[in-house]
There are 2 protein chains.
Amino acid sequence: MMSVRPYADAVEKLRAAGLRPTRQRLALWKLLFSGGDRHVTAEALQAEAAGAGVRVSLATIYNALHQFTQADLLREVVVDGAKTYFDTNTTDHHHFYVERDGELMDIPGEAVEVSGLPATPAGMALERVDVIVRLRASDESKA
Amino acid sequence: MMSVRPYADAVEKLRAAGLRPTRQRLALWKLLFSGGDRHVTAEALQAEAAGAGVRVSLATIYNALHQFTQADLLREVVVDGAKTYFDTNTTDHHHFYVERDGELMDIPGEAVEVSGLPATPAGMALERVDVIVRLRASDESKA
DNA sequence: ATAGTTGCAAAAGTTTTGCATTGTA
DNA sequence: TACAATGCAAAACTTTTGCAACTAT
């Protein structure tokens, strides 16, 4: 018979990824995938979990984030040397990045086209093309 | 009268940037700008300096790299959360990145065009558009 | 002589690791 | 019960900071 518990989806998706549906992974899953697309850092996710009454160690958060990434449930986004962002949107897309706030926004991938790229060097295969549009508040008094 | 010492250019460029042409900065300058375009990490640059018989502390390397960056003599490139790269090419251009080797290659900027980007959000000004083409060795046995 | 620089070591920050404990199946 | 996952604390790393000693002008 079919389960009617919440998380039924999550349980199956985790199993499909070869990951046991543990309490922690389910809690993180819910935080990550309940709303729309999200961009989180390990630290922010831990704070959220804590706010939701779930105690998860940072080590476990990192473990889960990397496991989810390997299972193609998350995508790592590199925009700032200081912090690693994980994106719940794993489809082909790009990013706006507001350096001052550390805020990331998706740019749908279908619209964007990059032309004029040279051929991939011999012996190399194209893995992915990342476009990062860096923004600053236009009313910043300086610069 | 005109100086015929090596570094004459460097001395002037540093002065123009408001930086004293100290022994360390001149040595780093030479390492950075003697060849063609280069992509270096702080650690790699220190190793190079050491190999050239110049002892410079990592702290000084970081100081110099950031000062050069502020003076628009270098450009910071973010491709990997673990390490910060500095690029001696400050003109508008993009990058190939081979994750496995941590190798960066320039893609001339004139050729590349990014189209279909949505309008910059209200109150925001466009700072820069970075295109990173991630590559992997095509003969990698796995994945 | 003065003010900017350097070097060191220690601090700060993020991410990873090792191992005993716990929980899932 | 067995094996994977967790949590903690400590380690590993890169980058930054503070301050005494040094050096360019």
Side-chain angles (χ1 to χ4, degrees), chain A residues 3 5 7-8 10-29 31 39-47 49-50 53-71 73-74 76-86 99 102, chain B residues 3 5 7-8 10-29 31 39-47 49-50 53-71 74 76-86 99 102 104:
Chain A
S3 167
R5 290 180 309 152
Y7 301 144
V11 169
E12 276 163 39
K13 288 240 171 87
L14 285 172
R15 284 225 171 86
L19 299 170
R20 285 192 189 168
T22 62
R23 189 183 312 119
Q24 290 85 347
R25 292 212 265 239
L26 285 170
L28 296 178
W29 182 284
L31 290 172
H39 303 92
V40 302
T41 61
E43 213 184 6
L45 187 56
Q46 187 184 41
V54 184
R55 254 201 69 280
V56 191
S57 74
L58 246 195
T60 299
I61 303 256
Y62 275 108
N63 284 343
L65 288 173
H66 287 138
Q67 288 156 349
F68 289 2
T69 300
Q70 276 193 315
L73 303 168
L74 289 179
E76 223 173 307
V77 182
V78 179
V79 284
D80 182 289
K83 234 149 193 162
T84 304
Y85 289 80
F86 293 85
E99 211 139 341
Chain B
S3 167
R5 288 181 308 155
Y7 299 146
V11 169
E12 278 163 36
K13 288 241 170 86
L14 284 172
R15 284 222 170 89
L19 299 170
R20 281 194 192 166
T22 60
R23 189 181 314 120
Q24 291 84 346
R25 292 211 266 240
L26 285 170
L28 296 179
W29 182 285
L31 290 171
H39 303 93
V40 301
T41 61
E43 212 184 6
L45 187 56
Q46 187 184 41
V54 184
R55 251 199 73 281
V56 190
S57 75
L58 246 196
T60 298
I61 302 254
Y62 275 108
N63 284 343
L65 288 173
H66 287 138
Q67 289 156 348
F68 289 4
T69 300
Q70 277 194 315
L74 289 178
E76 224 172 306
V77 182
V78 179
V79 284
D80 182 289
K83 235 151 192 161
T84 303
Y85 288 81
F86 292 86
E99 211 139 338
L104 263 179

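Here is how names work: the chains are called A, B, and so on, in the same order as the sequence lines, proteins then strands, and each is numbered from 1.
Across the protein-nucleic acid pair, B/L58 atom CG and C/dA10 atom P stand 15 Å apart, rounded to whole Å. Atoms OH (A/Y62) and C1' (C/dG18) sit 18 Å apart, rounded to a whole Å. Atom CD1 of B/I61 is separated from atom P of C/dT5 by 16 Å (rounded to the nearest Å). In this structure, CG of A/L14 is placed 15 Å from C1' of C/dA25, rounded to the nearest angstrom. Summarising the geometry, the separation between CD on A/E43 and P on C/dT16 is reported as 14 Å, rounded to the nearest angstrom. Atom CG in A/L65 sits roughly 10 Å away from atom P in C/dT16 (whole-Å rounding). Taking atom CG of A/N63 as the reference point, atom P of C/dT15 lies 13 Å away to the nearest angstrom. For B/L19 and C/dT5, the CG to P distance is 6 Å, given to the nearest whole Å.
Distance check, rounded to the nearest 0.5 Å: CG of B/L65 to CG of B/L74 gives 6.0 Å. How far CG of A/L26 is from OG1 of A/T22: 6.5 Å, rounded to the nearest 0.5 Å. Rounded to the nearest 0.5 angstrom, A/T60 OG1 and A/L28 CG are separated by 8.5 Å. Put simply, CD on B/E43 and CG on B/L45 are 11.0 Å apart, with the number rounded to the nearest 0.5 Å. Between the CD atom of A/Q24 and the CD1 atom of A/I61 there is a distance of 9.5 Å, given to the nearest 0.5 Å.
Looking at heavy-atom distances under 4.0 Å, A/T41 makes no contact with the nucleic acid at all.
Between B/H66 and A/G18, the one whose closest nucleotide on DNA chain D sits nearer the 5' end is A/G18. For the pair B/K83 and B/R15, nearest-nucleotide mapping onto DNA chain D gives the more 5' position to B/K83.
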Report each atom pair, protein N/O against N/O of nucleotides 19-23 of chain C, whose distance is under 3.5 angstrom.
{"residue": "C/dG23", "atom": "N2", "partner": "A/R20", "partner atom": "NH1", "Å": "3.4"}

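On the nucleic acid side, DNA chain D contacts chain B at distances under 4.0 Å to non-hydrogen atoms, with the end points of that region at D/dT14 to D/dT25.
Within the structure, a side-chain polar atom (N or O) of B/Q24 is placed less than 4.0 Å from OP1 or OP2 of C/dG7.
Among residues two or more places apart in sequence or in another chain, the salt bridge (Lys or Arg N to Asp or Glu O under 4.0 Å) test is passed with B/E76 by none. Every residue two or more places apart in sequence or in another chain that forms a salt bridge (Lys or Arg N to Asp or Glu O under 4.0 Å) with B/E99 is listed here: B/R134. For B/N63, the side-chain contact (heavy atoms from CB on, under 4.5 Å) criterion is met by B/Q67, not counting sequence neighbours.
Looking only at distances, no side-chain donor or acceptor of A/R25 sits under 3.5 Å from a matching main-chain atom of A/A64. The backbone N or O of B/G102 lies less than 3.5 Å from a partner atom in the side chain of B/Y85, making a donor-acceptor pair. Judged purely by atom type and a 3.5 angstrom limit, A/Q46 has no side-chain atom pairing as donor or acceptor with the backbone of A/S57.
Direction change of the helix axis from one end of the helix from C/dA1-D/dT25 to C/dA25-D/dT1 to the other is 30°, with five pairs defining each end axis (rounded to 10°).
B/A49 approaches B/V56 most closely through the heavy-atom pair CB-CG2, 4.4 Å.
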